[in-house]
Novice: 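Provided herewith is a single structure, encoded as structure tokens, for subsequent inquiry.
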There are 2 protein chains.
Amino acid sequence: MAETLSSSLPSSRREFVETAGRLCQRFGLPRSTGQIYGLLYLAPSPLSLDDIAELLSISKASASTGTRQLLSWHAIKQIWVPGDRRDHFEAVGDLHDLLRAGYEKFFRPKLERSVSKMDHLLVCLEADRKAGLLTKEEHAFCKERLAHLRSLQTRVQKLLPLAEKFL
Amino acid sequence: MAETLSSSLPSSRREFVETAGRLCQRFGLPRSTGQIYGLLYLAPSPLSLDDIAELLSISKASASTGTRQLLSWHAIKQIWVPGDRRDHFEAVGDLHDLLRAGYEKFFRPKLERSVSKMDHLLVCLEADRKAGLLTKEEHAFCKERLAHLRSLQTRVQKLLPLAEKFL
DNA sequence: CAGTTCGTTCAATTCTGATTGAACGAATAA
DNA sequence: TTATTCGTTCAATCAGAATTGAACGAACTG
């Protein structure tokens, strides 16, 4: 249902796509994925895979992997368009939900893993000490620094839920 | 002054280096830079470029660029060791300061640029509209979505200084 | 003064991961 | 049924960034 777009975008939407792509890239995500989200975010009606591929000048393969990625993050959803066999996609506009989900799915698990990693390192440090691999000063110094880091982690863990509420 | 380390690290420090390297990599920074910071963070005494290169098994060129990078972020500092002509490096332990600086230097400018970009896009949208490139609905839809994004930006701008204070 | 030692720079290489074309299976249409 | 459309997968390619070796200039040393 994108016949009105034929094969190009108004400059506002084109620039938005570019910005979204670069933003994603900065965060280590594929640029094309960001472009797809940007495209859909300003699309008044759902777009098919072919629309996306053509409007962004990317292969259908990229469009497919990108949309599946975005679907897995619940950043876009599939829309059934009566009389059209193809999948159509639409951006989830509520970025607040998106951020919350992103935090739950990405940051929180990573943070938790980093906390256990830290605990493991403290254990490791004691083992090294017992094995006589560390001088007394080295041991004390490392322990202090690791503890510092550890306390920062817990502060971050406390902060993020608050931040989410604030937004 | 790393002769006690000869050419290998206790497992606790080795794992820490690895973790720090991967963390950096996730954020789009060179892995070796993170490794260098990790190495120095748990180093009881300052290390020379050669120490770093040897302990991490990287070239001196990498060590040089990595340390200069970290210096520019004030994440490490140069230490003069009497009787040794070489530069020595030591990690800045206060991660709170480091985070604050990182925010000021990286996130804030990026946020500000994204805000002006947004304003530009709104102008752009009006131009497209006047040029008849947009239907009424498309225009209304885009305007609403851009406004939504814009308001999120300002909320983030307000949040970050608070978060910094909280940590 | 030559002879070292340091640290940096830069062109070349290597790695990593995004992107693609082609092939495939499933679903629809004729 | 056969033919077509659609979406996904996968091996191959491509691009961009990290890493390196080699060369250089500056600062020391004897």
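Letters A, B, ... are given to chains in the order of the sequence lines, protein chains preceding strands, and every chain is numbered from 1.
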Novice: Compare every heavy atom of B/Leu134 with every heavy atom of B/Arg129, then report the nearest pair and how far apart it is.
Specialist: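 In this case the closest contact between B/Arg129 and B/Leu134 is N-CD1, 3.8 Å.
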Novice: Roughly, in whole Å, what's the span from CG in A/Leu56 to P in C/dT19?
Specialist: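 Rounded to the whole Å, the gap is 11 Å.
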Novice: Would you give the length of the straight line joining atom CG of B/Leu42 to atom CZ of B/Phe16, rounded to the nearest 0.5 angstrom?
Specialist: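 Between atom CG of B/Leu42 and atom CZ of B/Phe16 there are 4.5 Å.
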Novice: So does A/Asp119 pair up with A/Arg150, basic N to acidic O under 4.0 Å?
Specialist: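 A salt bridge links A/Asp119 with A/Arg150.
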Novice: For residues 60-75 of chain B, which residues have at least one heavy atom under 4.0 Å from DNA chain C?
Specialist: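 By residue number: B/Lys60, B/Ala61, B/Ser64, B/Arg68.
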Novice: Any sub-3.5 Å donor-acceptor pair from B/Asp51's side-chain atoms to B/Ser48's backbone N or O?
Specialist: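 Judged by distance alone, yes, a pair lies under 3.5 Å.
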Novice: Ion pair present between A/Glu18 and A/Arg14, side-chain N to carboxylate O less than 4.0 angstrom?
Specialist: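 A/Arg14 and A/Glu18: not salt-bridged.
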Novice: A/Gln25 or B/Arg85: which one's nearest nucleotide on DNA chain D is closer to the 5' end?
Specialist: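 Taking each residue's closest nucleotide, the earlier one in sequence belongs to A/Gln25.
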Novice: So, are A/Glu126 and A/Lys130 salt-bridged, with charged N and O less than 4.0 Å apart?
Specialist: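 No salt bridge links A/Glu126 with A/Lys130.
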Novice: Counting distance only, does the side-chain N/O of B/Ser64 pair as donor-acceptor with the main-chain N or O of B/Lys60 below 3.5 Å?
Specialist: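 Judged by distance alone, no pair lies under 3.5 Å.
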Novice: For the atom pair CG (A/Leu95) and CD (B/Gln153), what is the distance rounded to the nearest 0.5 Å?
Specialist: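 Going from CG on A/Leu95 over to CD on B/Gln153, the span is 10.5 Å.
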Novice: Return the CG to CD distance between A/Leu149 and A/Glu144, rounded to the nearest 0.5 Å.
Specialist: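 The CD atom of A/Glu144 is 11.0 Å from CG of A/Leu149, to the nearest 0.5 Å.
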Novice: Angle between the end axes of the helix from C/dC1-D/dG30 to C/dA30-D/dT1, five pairs per end, to the nearest 10 degrees?
Specialist: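 Nearest ten degrees gives 10° for this helix.
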Novice: Write down the distance between CZ (A/Arg31) and P (C/dT20), rounded to a whole number of angstrom.
Specialist: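 From A/Arg31 CZ to C/dT20 P: 11 Å.
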Novice: Distance under 4.0 Å to a non-hydrogen atom of chain B counts as contact; along DNA chain D, which nucleotides mark the start and end?
Specialist: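 So the contact region on DNA chain D extends D/dA18 to D/dC28.
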Novice: Do you reckon B/Leu121 sits in the same ILVMFWY cluster as B/Leu111, going by side-chain contacts under 4.5 Å, direct or chained?
Specialist: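 In one cluster: yes.
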